[in-house]
Amino acid sequence: GQSLEQPSEVTAVEGAIVQINCTYQTSGFYGLSWYQQHDGGAPTFLSYNALDGLEETGRFSSFLSRSDSYGYLLLQELQMKDSASYFCAVRGSGYSTLTFGKGTMLLVSP
Amino acid sequence: DVKVTQSSRYLVKRTGEKVFLECVQDMDHENMFWYRQDPGLGLRLIYFSYDVKMKEKGDIPEGYSVSREKKERFSLILESASTNQTSMYLCASSSVGTEEQYFGPGTRLTVT
């Protein structure tokens, strides 16, 4: 089976930096993805890491350590619109299926 | 622009009814997925399909079936709806060789 752990809620202020951690236990591992979901909206893809290291896309970065079964999403220069739920997801097989974590609700305050 | 559409945004059905949820994508994607999303549980995969007429069980297939007769359309069927199937149902699609899944807006199903 597969399981992912991430914090249920994180709070931060505008302009700050926040890190959302994700640890996973899987029988197979191809890569770790991150999705953002605003309240009432559909999940949208943010990033994918297949190899160790940091991937940067604008204000968002994602990190993976395969040896530690650990990754994180780093959000910089936080804006109010970043208030949303963030899900990590593991691709554990040759199929393109994902196992999602339970999500982290990020609350950004002024 | 990439688009995944779902037949209904909200649906109310009675226990025991047969329920069809339809999903259509216009991106010529090979892979299609059905998830349910419940508070505190994240997204859980029900079924997926990697080609027309092909289907594979996900993590929670019990009580559901699927149909994919055309590449762009993936249907989720609840043969006999039960109250524990009240949930948000999300459809997604992706292209072979890419990691990004594109999600539809979801159908909030209530079974009474």
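- Of all the listed residues (M88(B), Q37(B), R44(B)), the one sharing the greatest number of non-hydrogen pairs under 4.5 Å with chain A is Q37(B).
- Among L4(A), T97(A), L46(A), the residue making the largest number of heavy-atom pairs under 4.5 Å with chain B is T97(A).
- Here Q101(B) contributes atom CD and Y48(A) contributes atom OH; the two are 11.5 Å apart, rounded to the nearest 0.5 Å.
- Residues I77(B) and I60(B) are members of separate hydrophobic clusters, defined by side-chain heavy-atom contacts under 4.5 angstrom among Ile, Leu, Val, Met, Phe, Trp and Tyr.
- Here the OG1 atom belonging to T98(B) is positioned 8.5 Å from the CZ atom belonging to F45(A), to the nearest 0.5 angstrom.
- Between S47(A) atom OG and E99(B) atom CD the span is 11.0 Å, to the nearest 0.5 Å.
- Between F33(B) and S96(A) the shortest side-chain heavy-atom distance falls below 4.5 Å.
- Between D59(B) and T99(A), the closest side-chain pair of non-hydrogen atoms falls below 4.5 Å.
- If you chain together hydrophobic residues whose side chains sit under 4.5 Å apart, F87(A) and L64(A) never meet in one group.
- Hydrophobic cluster membership is shared by Y72(A) and I17(A), with clusters built from Ile, Leu, Val, Met, Phe, Trp and Tyr side chains linked at under 4.5 angstrom.
- The neighbour count for M105(A) CE, taken as heavy atoms of other residues, nucleotides or ligands under 6.0 Å away, does not exceed 12.
- Note: F103(B) and Y35(A) meet the aromatic proximity criterion, with ring centroids under 6.0 Å apart.
- Residues L98(A) and Y35(B) form a side-chain contact, since some pair of their non-hydrogen atoms from C-beta on lies under 4.5 Å apart.
- The closest side-chain heavy-atom distance from Y95(A) to E56(B) is below 4.5 Å.
- Residue-environment remark: NZ (K71(B)) exceeds the threshold of 12 foreign heavy atoms within 6.0 Å.
- Counting non-hydrogen atoms of neighbouring residues, nucleotides and ligands closer than 6.0 angstrom, the CZ atom of R14(B) reaches no more than 12 such neighbours.
- In this structure, Q37(A) CD and L90(B) CG are separated by 6.5 Å, a value rounded to the nearest 0.5 Å.
- Chain A forms the most heavy-atom pairs under 4.5 Å with one residue out of G40(B), P105(B), S94(B), G106(B), and that residue is G40(B).
- In the hydrophobic clustering of ILVMFWY residues, with side-chain heavy atoms under 4.5 Å counting as a link, L32(A) and Y70(A) come out apart.
- Within a 6.0 Å sphere centred on CG of D39(A), other residues, nucleotides and ligands contribute 12 heavy atoms or fewer.
- The hydrophobic cluster containing F48(B) does not contain L76(B), counting ILVMFWY residues as joined when their side-chain heavy atoms lie under 4.5 angstrom apart, directly or transitively.
- Contacts between L45(B) and chain A at a heavy-atom distance below 4.5 Å involve the side chain alone, from C-beta outward.
- In terms of heavy-atom proximity, F100(A) sits nearest to L43(B) at CB-O, 3.6 Å.
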